[in-house]
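Please read the structure below before turning to the comments.
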Number of protein chains: 2
Amino acid sequence: MKDIQISPSEWEVMRVVWTTHPITSKEISRILNEKKDWKLATTKTLIGRLVKKGMLTTAQNGRQYDYSPAVTEDESLKEASEHLLNQVCTRKVGELIEMMLESRTLSIKDLESLEKIIQMKKENAPEVVVCGCIPGQCTCS
Amino acid sequence: MKDIQISPSEWEVMRVVWTTHPITSKEISRILNEKKDWKLATTKTLIGRLVKKGMLTTAQNGRQYDYSPAVTEDESLKEASEHLLNQVCTRKVGELIEMMLESRTLSIKDLESLEKIIQMKKENAPEVVVCGCIPGQCTCS
DNA sequence: ATCTATCGGCTACAATTGTAAACTATAAAT
DNA sequence: ATTTATAGTTTACAATTGTAGCCGATAGAT
């Protein structure tokens with residue numbers, strides 16, 4: 001797995017392709033028009049960049065292409081969340097997750113699932129998380 | 001609060017200032033040398049940009065400046081996590097949080113705190129979360 | 001057989017980011 | 001009083017991103 005960077009605008013395109021594929025550029029553009037005031041050309045540029053980055057695969061179909069995702073949404077999401085997690089001291093991760101938890105509505109099922117994971121983790125949880133920051137980048141030491 | 005964008009490299013600088021302030025550019029640079037192969041000039045550029053963006057305040061002290069954060073780490077972290085959350089369908093947020101939870105070690109205290117929040121939220125949790133995506137950007141409908 | 005709508009690709013261009021050298025002003029050393 | 005080290009500022013320059021126009025090829029219409 002490589003660590004390709006995918007920009008916010010590109011992400012919008014990926015979401016469409018993850019949802020429906022194979023899909024044409026025209027259809028992608030049509031769908032995104034609901035949300036973004038992009039010209040068709042803009043969408044095409046983003047698609048082109050995603051193809052170049054290896055995030056989309058193409059299948060020729062007459063004069064046009066059908067696009068499909070080359071990575072799953074979960075993989076990309078994982079990437080993105082690791083990025084965020086890496087921005088804070090490991091000892092602050094709990095607080096970060098609390099923030100996210102508090103800011104959004106979750107379903108009963110979601111909450112139960114989270115609960116289960118937490119139960120599980122409590123079995124082997126340390127008293128205190130090891131901080132891996134360099135001195136001066138967190139207040140742990 | 002405005003929605004200023006703060007880049008990854010700038011974030012590294014902010015972390016130092018959040019940890020210790022007021023602080024001089026030289027000291028910031030010294031601390032970051034542990035982690036980044038940046039020339040002093042590079043750090044100074046980043047500091048300059050952060051000042052311009054209003055993320056750092058300055059207090060003149062002789063020929064040099066003492067820098068302090070203009071926003072808290074929590075505020076910025078909140079910003080950053082909202083960004084991530086906004087990248088997925090609201091109905092997928094649970095899954096996203098699960099991912100994060102699973103990928104990191106948390107302390108007993110962290111876990112208990114999360115548990116408490118979850119208990120709380122369960123009181124008013126809906127059966128299913130409302131999806132606010134445009135058609136074609138998630139698989140809800 | 002020719003025209004036309006359209007497709008993907010190429011080009012464009014400003015803003016942001018990563019990285020840093022050069023410049024200017026000045027505090028400190030001699 | 002000069003020199004020198006250094007602090008912040010300006011300039012630089014390539015890569016990425018946001019945004020889009022234009023162009024050459026071709027499938028479909030006439």
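Just so you know, these numbers use all the heavy atoms, side chains as well, and skip hydrogens, waters and symmetry mates. Chain identifiers are assigned alphabetically (A, B, ...) following the order of the sequence lines, protein sequences preceding nucleic acid strands; residue numbering begins at 1 within each chain.
- The base of dT19(D) lies close enough to the side chain of R49(A) for a donor and an acceptor atom to sit less than 3.5 Å apart.
- Distance R30(A) CZ to dT6(C) C1': 17 Å, rounded to the nearest Å.
- Among the protein residues, T24(B) comes within range of no part of the nucleic acid, since none of its heavy atoms lies under 4.0 Å from any strand.
- One interatomic measurement links the two molecules: NZ of K52(A) to P of dC10(C), which rounds to 8 Å at whole-angstrom precision.
- Between K92(A) and D74(B) there is a salt bridge, since at least one side-chain N of the basic residue sits less than 4.0 Å from a carboxylate O of the acidic one.
- Residue contacts shown for S9(B) are limited to sugar-phosphate atoms, with no base heavy atom under 4.0 Å away.
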What verdict does the side chain to side chain contact (heavy atoms under 4.5 Å, CB included) test give for R49(B) and T45(B), after you've listed the backbone C-alpha separation in whole Å, the side-chain angles of each residue and the deciding distance to 0.1 Å? CA-CA 6 Å; R49(B) 288 178 185 165; T45(B) 298; 3.7 Å; yes
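- D37(A) comes within contact range of the sugar-phosphate backbone alone, with a heavy-atom separation under 4.0 Å but no base atom that close.
- When each of dT19(D), dT17(C), dG8(D) is scored by its nearest atom to the side-chain atoms of E10(B), the top-ranked nucleotide is dT17(C).
- Put simply, CD1 on I4(A) is 10 Å from P on dT16(D), counting in whole angstrom units.
- Remark: P of dA20(D) and CD1 of I47(A) are 15 Å apart, rounded to the nearest angstrom.
- Donor-acceptor pairing under 3.5 Å, judged by distance alone, is absent between the side chain of R63(A) and the base of dG28(D).
- Residue contacts for K39(A): at a heavy-atom cut-off of 4.0 Å it reaches the sugar-phosphate backbone alone, with no base atom in range.
- Neither OP1 nor OP2 of dT6(D) sits under 4.0 Å from any side-chain N or O of K26(B).
- Protein atom CH2 of W38(A) is 15 Å distant from nucleotide atom P of dG21(D), rounded to whole Å.
- Comparing L40(B) and T42(A), the nucleotide of DNA chain D nearest to each residue sits closer to the 5' end for L40(B).
- Classification of E98(A) and K116(B) as a salt-bridged pair fails, no side-chain N sitting under 4.0 Å from a carboxylate O.
- Under the 4.0 Å criterion applied to side-chain N and carboxylate O atoms, R30(B) and E27(B) are assigned as salt-bridge partners.
- Side chains of E127(A) and S107(B): no donor on one and acceptor on the other come within 3.5 Å.
- Between the P atom of dC7(C) and the CD1 atom of I23(A) lies a distance of 13 Å, rounded to the nearest Å.
- Between S25(B) and dG8(D) there is a side-chain polar atom (N or O) within less than 4.0 angstrom of OP1 or OP2.
- Atom pair L46(A):CG and dG8(C):P shows a separation of 14 Å (rounding to whole Å applied).
- Across all strands shown, S7(B) has heavy atoms under 4.0 Å from sugar-phosphate atoms exclusively, and none from any base.
- Computed from coordinates, the L50(A) CG to dG9(C) P distance equals 13 Å when rounded to whole Å.
- Between P8(A) and K44(A), it is P8(A) whose nearest contact on DNA chain D lies nearer the 5' terminus.
- Listed candidates were dT17(D), dT17(C), dA20(D). Nearest to the side chain of K53(B) is dT17(C).
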